[in-house]
Undergrad: 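Have a look at the structure that comes next, please.
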Amino acid sequence: MRRVDQDVNRFRRIVKGQIRKNLRKFVSHGEMLTRKGGKVVAVPLPEITLPRFTFGDRGGGGVGQGEGQPGDEVGQDPGEDEGEHPLEVDVSMEELAQILGEALELPHIEPRGQQNVETDTHRYRSIRRTGPRSLRHFKRTYKRALIRQIISGDYDADDPLVTPRREDERFRSFDITRVPESSAAILYMMDVSGSMGAEQKEIVRNAAFWLDAWIQSQYRNVATRYIVHDASAREVDRHSFFHLKESGGTKISSAYRLANDIIDKDYPPDQWNVYCFQFSDGDNWSGGDTALCLRLLEEELLPKSNQFAYGQVKSAYGSGQFKHDLDQKFDSEDLVTCEIQDRDAILDCLREFLRRGR
Amino acid sequence: MNLTPELVRLEAEARAAAIELGLDFPQVVFELVAADQLNMIAAYGGFPVRYPHWRFGMEFQRLQKQYEYGLGKIYELVINTDPCYAYLMNSNTLMEQKLVMAHVFGHADFFRNNMWFEPTDRRMVDVMANHGTRVRRHVDRQGSEKVEEFLDACLSLENLIDPMSLYVRRSVDEVRGPEMDEDRVAAGQVRRFPVQRRYMEPFINPREALEKERAELAEALKARRPFPAQPTQDVLEFLLRHAPLADWQVDCLDIVREEAYYFAPQAMTKIINEGWASFIHSRLMTTKLVAQGEIINYADKHSSTLATQPGRINPYRLGYNLFCDIEDRWNRGAHGREWRECDDYAKRRTWDTGAMKGLEKVFEVRRIHSDQSFLDAFLTHEFIERHELYIFGRDPRTGKRVILDKDPATVKPKLLNQFTNMGQPIIELVDANFENRGELYLRHIYEGTDLREDFARQTIRSLHTIWTRPVNLETAIEGKGVLWTFDGTEEHTRDLGPLRDPHLAGA
C-alpha cells in the first residue's frame, strides 16, 4: 500500500461521515449524482475546505486578461473559491452504477432462482499464435521479438531496433465462459393524483434513474414497465410516466392490480427477478382501499417480487398515512418503506431500498 | 536519477545551454515518474515524506481524477532544495521533456538566486521527514482522531504568520523603549502604617504583609502592560509561546508554522517565478534545444501553457510577457526619466538607444523582486493596454460577470491589491488580555474587502480551541466596523460603528 492511500482512505471516511463528523459541514459535494442529459454527469468530487481568514468573493470581481470591451461578459462563474472543482465528464452507465454502489456501499444483488439457466459468452481474454491482424497484441508481439533477438544475439542496446517476425506475433482471442443468465423486471408505480406536484415528480424521476442504473448493472436483461394511477391505473411509456400531469383521487389498489396482472402475464417469478418501486405522497382513497392494498401485497405482490419498495414523497397535501399502514402490517425485511423529504434525501432512500442486496 | 540514456543526453544538452545563458543553479536531480507517483508527490506539496493528513489524500484524488478524465496533467514538479529534485512525467514526449527540463532549470536558478528564497531551508526534505516522524509519534500516543483534530485547527490558522519577518528584524525593545520595572515601582507604592515606637514596627507592618502587598501591586501593574507589547501578525508564534497547550500540541503547531513559513516565499513569487521559468524555457528551446521537426508541437505546448481563461490571470503568461517586455525595453533603453516623460506615442514605440542591456536587466529583476514589487515596477500602462488586462465584476442589473474597466490607472492598483500579503487578509493580534480577562483580540486591517464571514467565524472557533479563552475579531462589513466574538459556547456580534478612517470606509 502506498503511503498516500492511508490519507486517501482517511479523507474518504471523513466524507462518508464515518469519522470526524464535525468536518462534514465543510464537505462540498459538487454536483454529485446528477444526470446531465445523455450519459454526461458531473463526477462526484467531494472536497473539504478548511475554513480560514480569507476574503469574501470580492463582489465576484477581480482582474482578468483577454479580449473584450467594458460591458462584455467574462464567462462562467468559477467555483465559489478554489476549493470547489466540479468536473463534468463522460461516464458510462456501468461506471455510474459503480460510483453509486461505492457511494452507498451497496451489496451486489444475489439473484434468486434460475441458477440452472446458463448461457455461453465470449470474452476476449486469452492469447493465440494465429489471428487477424486487427487483433494483434502489440506488447506481447514486441516482447516475443525482443526475447528472440536477445537469445539469438541480434539485439544491440545502442541501436534498440526490434523487428517482429511471423513467429513472434501474438493475437488476442476469446474464451468461452458460462455465466448464469439473469433477468430482471422493474415495475414503477407512481401516484399522479392532484397532490403530486412537479417537485415531487422530479424527485421520483431522479430516484428512478438511479434505481435503473443500479439494477441494470446487476442483470444482463432488464425490462422496465411504468404504471401511473389516480383513481384508476394504466400503463404508460417512460416519457409519460415522468411528465404526466393528472388530477383526481387516489386508489392505490388499482395500481397493485395492474402490476400483478403484468407480472403474471409477462414476468413469471421463477424466471424473472421482479422489482417493484412505488412512489406516492401517502394519501389513499379510503381505509377500505388500503385494506385491499395490504391484502394484494401479502398474497400476490410480495411473494412474486425480490423486492417491493415504497417511497413516500413529501408533498403539501399528502397525509402520509399509507406509509404508517404499510409499516404496521409488514416487517421492514419484506417491504421497504422510506420517506423522501427533499432531493437531498434521495440518496438515503436509494440506500434504504437497495442495501438488502436482493 | 533514473533517466533513459536518451534523456540523459538531452539533459546534458539542456544543462549546457542553461549555463551558457548565464543561469546559476544547484545540482538538479531528475526523476522519471509515472502519473500516479507524480500526482502523489504533488499532493504532498513536493514532499512525499510529510506527516499524514487527510488533505493530502483529497488533493491526490483530485489530481488523479483530473488526470484520468483527461482534464489536466502535471508535466513536471520541482522542489526548492539543494540538490534540487525535479520529477518528470514519464508519459511526456521527448519534446515535452526538453521543454520541461529547460523550465526546471529556470526554477532551480530562481530558487537559488531570488532573494526572497534566501531564508528557506534547502534541506527541507529532511525537515519534513522529521515532522512526519514527530506527528506519527504523537498519533501513536494520543490517537489519530485527537491529533488530526488539533492539526486541522492549526491548519485553519496557517495564514496567520508574518512572512515579512523572514526579512526584517522586528525588535520589540527598540520600539517600546526601556522596560518598566514593575517590581521597583510597586515597592515605592506599598503603604505602611505609621509607627510610634520602633520596636512595634515588625508587629504593625510585618515583613510578609509588606512583601505580599508589593507582589500584588507589581502583578496589577504587569497586568496593565500591553500584551503582546506590540500588535503582531505572527499569531502562530504568539500562541506557541503563550497558549495553554500540551507538549504534543505545541509540537504540532510548531510544525504547521514552520512549513507555512517555508512555503510563504513560493506564494509571494508565483508570477515572477513561473514567468522566469517560462522565459527561460522559451529562450533555451527556441535558440538551442528544439529540433526542426518539433517546432510546431513546441509552439502548441508553449502557447497552451500561456493560454488565458476569462476572468483569470494566468501567472505563466503575465510573468512571461513581463520578462519579455523588460528585456525589450532595456535593449532599447526605453526606461528612465527621459523615456517616461516623452509623450510622443510614435517616438516611444520606436525608441532605441541601442543599449542592449535587456538580458542583464532580467537577471537582475529575477534576483530582487517578489510578485508585488515586480508588478509595481514593471507593469506599465502600455503593457496593460497591449496585453488587455481588465477589471471585471458583477453587473448589478443582470447579475452577470462583465468587464467593468480597462483603464490602466485603475487596473494596476487593483491587481497590486490582489497580490498584497499573498492575497490574504492582514490580521494582527492586538491584545491577549482583552478587558483584562485573558481574551484574545485580533484586528483585521480593513482595506475595503470584507472577510468571508462563515469561514471567519469558524476560524475564530479554531483559535478558541487553542487559546481556550474567548476570541474577538475586529473587522468590517461594507465599511462598518464589527466585532465578532466566540466565547466557547456562543457567537456574538457587536457593532463598532463606521470606520474612523474615512477613505477606508468609502473604499
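Throughout, protein chains are lettered first and strands after them, A, B, ... in sequence-line order, and every chain is numbered starting at 1.
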Undergrad: Does any heavy atom of chain A fall under 4.5 Å from the side chain of B:P5, the backbone, both, or neither of them?
TA: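 Interface part for B:P5: neither.
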Undergrad: For A:R10, is there an ion pair with B:E145 - N to carboxylate O distance below 4.0 angstrom?
TA: yes
Undergrad: Would you say that B:L473 contacts A:F53 through its side chain, given a criterion of any heavy-atom pair below 4.5 Å between the two side chains?
TA: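 Touching, per the 4.5 Å side-chain cut-off.
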Undergrad: Verify the neighbour count for atom NZ of A:K143: are there more than 12 heavy atoms of other residues, nucleotides or ligands below 6.0 Å?
TA: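 At most 12 heavy atoms, drawn from other residues, nucleotides or ligands, come within 6.0 Å of this atom.
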Undergrad: Please state whether the side chain, the backbone, both or neither of B:D152 comes within less than 4.5 Å of a heavy atom of chain A.
TA: both
Undergrad: Checking side chain to side chain contact (heavy atoms under 4.5 Å, CB included) for the pair A:R3/B:V49: CA distance, chi angles, key distance, verdict?
TA: CA-CA 9 Å; A:R3 181 175 270 173; B:V49 293; 4.3 Å; yes
Undergrad: Looking only at heavy atoms, which of residues 64-71 of chain A get nearer than 4.5 Å to chain B?
TA: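 So the qualifying residues are A:G64, A:Q65, A:G66, A:E67, A:G68, A:Q69, A:P70, A:G71.
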Undergrad: Less than 4.0 angstrom from a charged side-chain N to a carboxylate O is my criterion; do B:R401 and A:E73 meet it?
TA: no
Undergrad: Is chain A contacted by the side chain of B:L463, its backbone, both, or neither, given a heavy-atom distance below 4.5 Å?
TA: side chain
Undergrad: Considering all heavy atoms of both residues, which atom of A:P51 and which atom of B:S156 are nearest to each other, and what is their separation?
TA: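 The pair with the smallest heavy-atom distance is O-CB, 2.7 Å.
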Undergrad: Taking side chain as everything from C-beta outward and backbone as N, CA, C, O, which of these in B:L157 sits under 4.5 Å from a heavy atom of chain A? Side chain, backbone, both or neither.
TA: neither
Undergrad: Show your reasoning for whether side-chain hydrogen bond (donor to acceptor under 3.5 Å, both in side chains) applies to B:Y390 and A:D72.
TA: CA-CA 11 Å; B:Y390 56 76; A:D72 290 359; over 6 Å; no
Undergrad: I'd like to check B:Q418 versus A:V63 (side-chain heavy atoms, cut-off strictly below 4.5 Å). Are they in contact?
TA: yes
Undergrad: Determine the sole option in B:Y51, B:F60, B:Y44 for which the side chain to side chain contact (heavy atoms under 4.5 Å, CB included) test with A:D7 is passed.
TA: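 Exactly one option meets the side chain to side chain contact (heavy atoms under 4.5 Å, CB included) with A:D7, and it is B:Y44.
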Undergrad: Ignoring hydrogens and angles, tell me if any N or O in the side chain of A:R52 forms a donor-acceptor pair with the backbone of B:F455 under 3.5 Å.
TA: no
Undergrad: B:T475, B:I313, B:I391, B:L160: which one forms the most heavy-atom pairs within less than 4.5 Å of chain A?
TA: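 Option with the greatest count: B:I313.
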Undergrad: Tell me, side chain or backbone of B:I384 under 4.5 Å from chain A's heavy atoms, or both, or neither?
TA: neither
Undergrad: Is there side-chain contact between A:I48 and B:W54, with heavy atoms separated by less than 4.5 Å?
TA: yes
Undergrad: Between chain A and each of B:E149, B:R461, B:H387, B:M40, count heavy-atom pairs under 4.5 Å; write down the option with the most.
TA: B:E149
Undergrad: Under a 4.5 Å cutoff for heavy-atom pairs, which residue among B:Q309, B:R136, B:E59 has the most contacts with chain A?
TA: B:R136
Undergrad: Can you confirm whether A:R2 sits close enough to B:Q37 that some side-chain heavy atom of one is under 4.5 Å from a side-chain heavy atom of the other?
TA: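 Sidechains of B:Q37 and A:R2: no contact.
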Undergrad: Let me know if B:E158 has heavy atoms under 4.5 Å from chain A in its side chain, its backbone, both or neither.
TA: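 For B:E158, the contact with chain A is made by the side chain alone.
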Undergrad: Who wins among B:S144, B:A456, B:A43, B:P425 for the most heavy-atom pairs under 4.5 Å with chain A?
TA: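 Top option by heavy-atom pairs under 4.5 Å: B:P425.
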Undergrad: Measuring heavy-atom distances to chain A, does B:R55 have an atom under 4.5 Å in its side chain, in its backbone, in both, or in neither?
TA: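 Neither part.
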Undergrad: Quick one: CZ on B:R62 to CZ on A:F11, what's the gap to the nearest 0.5 Å?
TA: 11.0 Å
